[in-house]
Amino acid sequence: MTARQAGRDLDTSRPHSARMYDYFLGGKDHFEVDTDAALVAADAHPGIFVTARENRAFMHRATRVLAQEHGIRQWLDIGTGIPTEPNLHQVAQSVAPDARVVYADNDPLVLKYAERLMRSTTQGRTAYIEADVTDPDALMSAVDASQVLDFDQPIALSLNALMHFITDPHDPYAIVRRLLDSLPAGSALAMNHCTPDFDPVTWNKVAEIYTGSGTPVQFRSHSDVRRFFDGLDLIDPGVCCCHRWRPAAPADGTEPTDAQIGLLAGVAIKR
């Protein structure tokens, strides 16, 4: 599919989670229907803007830690979303200029802006593939066909703010296992996931709003999120609220609460 075809295939009659997320981050790549749905969600939980920012900040920190402390030089980022700088490859290549990144998403709007994602260093490589995480076999075949990643070397699987959109009928744990089974020892899983644990009333209301707008979500407890890391070696500090994972000092000296963020995060290494 070309970018021009993607533009024709955009469904602007219903809100889309990636475009709502773009709105929460202050981007411009969304439509009125997305803004309306985002404002309803924000009315239920005004802190959702902070959640979006902390999700990006975790991705930046996790990428740097994997590159600096674990020698990772390859990433597979699924559920890429609409480009927001710095993108994952920019963070990785700021540490290791030869880093390689494959982005995957099934949103036509992401495809439309894929060129913005793929401005790599000359030493590294990036690619974008259109694929759906609910079909992990097809997704991994497309990744392999891109010939960007070396499956004999460790690869970090990045699943940020994605798996809460995969409800139980799709067996999210089996999807993550299938993706990890394709990766060699020394690879990593970096992910975060919305949870109702810290404020059940608010986050269950947010879930109802998303599901009611046509985007089913399933927010999960700490123990359920921890299951995604079964069989892997979690690195410190384990699975915790997103902003508490290897935090940087807040620029203004303030810190959001766990209830505001409502996002659990963890990074683990495959044996």
Side-chain angles (χ1 to χ4, degrees), residues 6-59 77-85 87 105-113 132-134 159-170 172 191-222 224-225 241-244 252 254-265:
R8 288 199 303 265
D9 292 343
L10 287 175
D11 180 2
T12 60
S13 66
R14 298 170 59 185
H16 190 285
S17 59
R19 301 193 304 256
M20 292 170 65
Y21 181 62
D22 177 72
Y23 174 82
F24 292 137
L25 287 174
K28 299 179 180 178
D29 298 317
H30 51 267
F31 302 99
E32 184 176 358
V33 66
D34 307 303
T35 300
D36 291 344
L39 289 173
V40 172
D43 185 58
H45 178 45
I48 201 166
F49 294 92
V50 181
T51 302
R53 292 196 298 270
E54 290 296 336
N55 168 56
R56 292 293 294 183
F58 164 75
M59 181 273 284
D77 182 44
I78 305 176
T80 300
I82 295 167
T84 303
E85 292 189 330
N87 294 309
D105 207 296
N106 68 338
D107 178 13
L109 190 61
V110 178
L111 181 60
K112 183 178 179 181
Y113 291 103
D132 192 328
V133 73
T134 61
L159 303 175
N160 287 307
L162 173 66
M163 296 312 293
H164 47 244
F165 292 108
I166 310 302
T167 56
D168 281 351
H170 291 289
M191 70 175 291
N192 56 31
H193 191 298
C194 277
T195 181
D197 283 4
F198 306 116
D199 186 351
V201 173
T202 295
W203 282 100
N204 286 334
K205 180 63 175 176
V206 172
E208 290 173 7
I209 291 167
Y210 268 87
T211 300
S213 68
T215 303
V217 296
Q218 186 168 349
F219 299 158
R220 296 181 172 94
S221 67
H222 184 281
D224 287 338
V225 173
C241 198
C242 191
H243 66 303
R244 300 187 187 282
D252 60 0
T254 64
E255 183 178 279
T257 65
D258 293 358
Q260 265 187 303
I261 304 303
L263 199 64
L264 293 169

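For the single chain, residues carry numbers from 1 onward in sequence order. Just so you know, these numbers use all the heavy atoms, side chains as well, and skip hydrogens, waters and symmetry mates.
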Taking atom CG of Asp258 and atom CG of Leu264, what is their separation to the nearest 0.5 Å? 8.5 Å

Kindly compute the distance separating SG (Cys242) from CZ (Arg53), expressed to the nearest 0.5 Å. 12.5 Å

Kindly compute the distance separating CZ (Phe58) from SG (Cys241), expressed to the nearest 0.5 Å. 11.5 Å

Backbone of His222 reached by a side-chain donor or acceptor of Asp197 within 3.5 Å: yes

Donor-acceptor pair, side chain of Asp36 and main chain of Val33, under 3.5 angstrom: no

Using a 3.5 Å distance criterion without hydrogens, assess whether the side chain of Thr51 forms a donor-acceptor pair with backbone atoms of Gln260. yes

Is a side-chain donor or acceptor of Trp203 paired with a backbone partner of His45 at a separation under 3.5 angstrom? no

Is there a donor-acceptor pair closer than 3.5 Å between any side-chain N or O of His243 and the backbone N or O of Ile261? no

If I take atom CZ from residue Phe219 and atom CG from residue Asp224, how far apart are they, to the nearest 0.5 angstrom? 14.0 Å

Residues Ile48 and Ala41: closest non-hydrogen pair is CD1-CB, 4.3 Å

Could you check whether any side-chain N or O of His193 sits under 3.5 Å from a backbone N or O of Val225, counting only pairs where one atom can act as donor and the other as acceptor? no

Polar side-chain atom of Asp105 near backbone of Thr80 as donor-acceptor pair, under 3.5 Å: yes

Can you sort out the partners of Asp132 under side-chain hydrogen bond (donor to acceptor under 3.5 Å, both in side chains), two or more places apart, ordered by chain and number? Asn106, Thr134

Pairing of Glu255 and Arg244 as salt bridge, 4.0 angstrom limit: yes

Do you know the tightest heavy-atom contact between His164 and Leu263? CE1-CD1, 4.4 Å

What's the separation between atom CZ in Arg56 and atom CG in Asn87, rounded to the nearest 0.5 Å? 6.0 Å

Closest heavy-atom pair, Thr202 versus Ala44, reported as atoms and distance to 0.1 Å, is CG2-O, 3.6 Å

If I compare all heavy atoms of Gly79 with all of Leu162, which pair ends up nearest, and what's the gap? CA-CD1, 4.1 Å

Does any N or O in the side chain of Asn192 come within less than 3.5 Å of the main-chain N or O of Ala161, such that one atom is a donor and the other an acceptor? yes

Pairs touching residues 206-220 that satisfy salt bridge (Lys or Arg N to Asp or Glu O under 4.0 Å), sequence neighbours left out: Asp168-Arg220

